[in-house]
Each structure stands twice: as C-alpha cells, then as structure tokens.
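Read through the structure below, which is laid out as structure tokens, and then see the notes.
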Amino acid sequence: MIKLIVSDIDGTLLPDGGHTLNPELIDTILKLRAKGMQFAAASGRQWASIEKAFEPIKEKIFYLSDNGACIGCCGRNLYAYTIRRELMFEVVRDARAMGLEIMLGGPDVAYLDSKDEVLYRLLIEGYRYRLERVDDLLKVEDDFIKASIFHPTDAEKAMVELRERYTDRLKIVVSGSQWIDFSAPGVSKGEAVRHLQEDLNISPRETIAFGDQLNDIEMLGRAYYSFAVANARPEVRKAARFQTDSNVNDGVLKILKGLL
C-alpha cells in the first residue's frame, strides 16, 4: 500500500513560476490523506512559497523546501541545513563577476539586491516568495540554507564553470531552465525524503514520487513507484520506473486519482 506521496512542483504540478494548483488536486490529496497516505511537496522553492501554493491544505502536508535543505510541516521547520556565510558570500561575488543575478535563502526569508524589476516580480508574484529586498547581500545578517543564481535562458551552461569551483564544498543542482541552486554538501530532495520516510516509518516500496528535473532524480530513487512527467528531461525519464502525462495535462493528478 502507498503511504507517502512526494511531488516536485514547478514543471511537475505547475508551469515554472506558476502558483495556482488545480483545485481537484487539493481535493484528491485530502481524500488520499483520509485513506492514510501522507503528501509531501518537494521543491527548490522556499517553504513559504510552497505553503502559499497549497494554502487550503498547508497544515496537512509536509514540505521539503529549498531542494531538501529545509524539512517541515504546519509552518514548523523540523530540519534546516545551513551553510557558512563566508562561503555564501564567495558565491555571491562569483555570480556578480559573471554578470548573473543571485538570491540568498535564509530559513524563513530570501534576500535579493537585484534592481531587475522583472525578476523581482517573478519571485513575488510568480513564486510568491517571502522576499526582502536589500542594498547589498554581503551585508545581510542571517543564516543561509541556499544560494540561487538566475540565468534568463540557460542555467545549465552557466553551471559548468561554477561546478569546477565549488564541487567539493557545495551541492550544486540545476533547478529548472533558469536557476542554479547551491546547498550544503549532502543536501538533496532524496536525502530529505529519506529523513521523512524514517521519521514516518515508511519504506521506498510504500512511496510514490513525481518529478521532471535533474534535482528530482535522487528523490525518485527513494520511491519504488517513481514517475517522470511527459515533459521531464530525458535523464529524469530514464531514472524513473514509470511515466505519466505532462504537467499541463495534470499527469500527477491522473495517477493520484487512480490511487483512490
């Protein structure tokens, strides 16, 4: 029997930067929960952004936010993996030298010093981040769990040079076509799912997971019933045991309705 459902958001449940879930998905999650199945949203997004997307049921789901750097439920952080400030500031300086925008994520608030209004609106209106605009990221006094570099067209290309500099010190993943995320070593959606499975005493055989991007592969490896949506990258489709319809055609919802 399935006891845990884990799904990515952007590119899997929603278009990138979207925020309005199909109301039928919310209703289906509630029905599955009544049958003893827990739901976890696993995303590169900040936990506040996840809660806004799942507003009607935000107190009834788990969130594995910031690519697994933060694990929580009901508005409470259960785990948060921080990164040394000096290392985060080094990433900021490198991003600036490459002419790229960067955002630093704290456990509760993300910080941006970009003057790009389009990017700012994407984060506030699209992803619905809890975001603080500052004069200089290097002067922010907070703990950090993630750095996110924004590239408007090809994040993966920009990642090649950065991977060589940080591969031994940070976990680096492409999180969609426009974002490169830096987390503490060992942090991943897959590791977050493992923590949740152990806490809930749920096995991979009792887990179903859905994803579309490279940062979802380790998560899919923690579920026997691993699904790639039809619009997933080839690497993700190869890693998953099964495939469902695309995000825009409610592929995840179709599988979840089948569980009922």
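When a residue number appears, it is its place in the shown sequence, counting from 1.
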Side chain to side chain donor-acceptor pair (under 3.5 Å) against Arg233, all qualifying residues, sequence neighbours excluded: Glu156, Glu235
Would you please name every residue forming a side chain to side chain donor-acceptor pair (under 3.5 Å) with Gln197, sequence neighbours left out? Thr207, Arg222
Which residues pass the side-chain contact (heavy atoms from CB on, under 4.5 Å) test with [X], not counting sequence neighbours?
| X | value |
| --- | --- |
| Thr167 | Arg163 |
| Ser175 | Asn67, Trp179, Asp181, Asn215 |
| Asp143 | Thr82, Pro107 |
| Ala228 | Ala232, Val236, Arg237, Ala240 |

Which residue pairs satisfy the side chain to side chain donor-acceptor pair (under 3.5 Å) criterion with at least one member in residues 115-124, sequence neighbours excluded? Glu117-Arg133
Salt bridge (Lys or Arg N to Asp or Glu O under 4.0 Å) against Arg169, all qualifying residues, sequence neighbours excluded: Glu90
Which residues share a salt bridge (Lys or Arg N to Asp or Glu O under 4.0 Å) with Asp113, sequence neighbours left out: Arg96
State whether the side chain of [X] and the backbone N or O of [Y] hold a donor-acceptor pair below 3.5 Å, judged by distance alone.
| X | Y | answer |
| --- | --- | --- |
| Lys171 | Val187 | yes |
| Asn247 | Asn231 | no |
| Arg130 | Trp47 | no |
| Glu191 | Ser188 | no |

Within a radius of less than 6.0 Å around NZ of Lys52, do more than 12 heavy atoms belonging to other residues, nucleotides or ligands occur? yes
With a 6.0 Å cut-off (strictly less than), is the heavy-atom count around CZ of Arg205, excluding the residue itself, greater than 12? no
Should Leu30 and Ile57 be marked as a side-chain contact (heavy atoms from CB on, under 4.5 Å) after you check the CA-CA gap, both sets of side-chain angles, and the distance that decides it? CA-CA 8 Å; Leu30 287 174; Ile57 56 171; 3.5 Å; yes
What is the minimum heavy-atom distance between [X] and [Y], and which atoms define it?
| X | Y | answer |
| --- | --- | --- |
| Ser43 | Asp8 | CA-OD1, 4.3 Å |
| Tyr129 | Gly44 | OH-O, 3.6 Å |
| Phe182 | Ile83 | O-CD1, 3.9 Å |

Scan the side chains in residues 33-42 for donor-acceptor partners under 3.5 Å anywhere in the protein, sequence neighbours excluded, and list what turns up.
from	atom 1	to	atom 2	distance (Å)
Arg33	NE	Lys60	O	3.1

For residues 189-220, pull every pair meeting ring-ring contact (aromatic ring centres under 6.0 Å, His included), keeping only residues two or more places apart or in separate chains. Tyr79-His195, Phe210-Phe227
List, one per line, each side-chain donor-acceptor pair under 3.5 Å for residues 253-260, sequence neighbours excluded.
from	atom 1	to	atom 2	distance (Å)
Lys254	NZ	Asp245	OD2	2.7
Lys254	NZ	Asn249	O	3.3
Lys257	NZ	Glu24	OE2	2.8

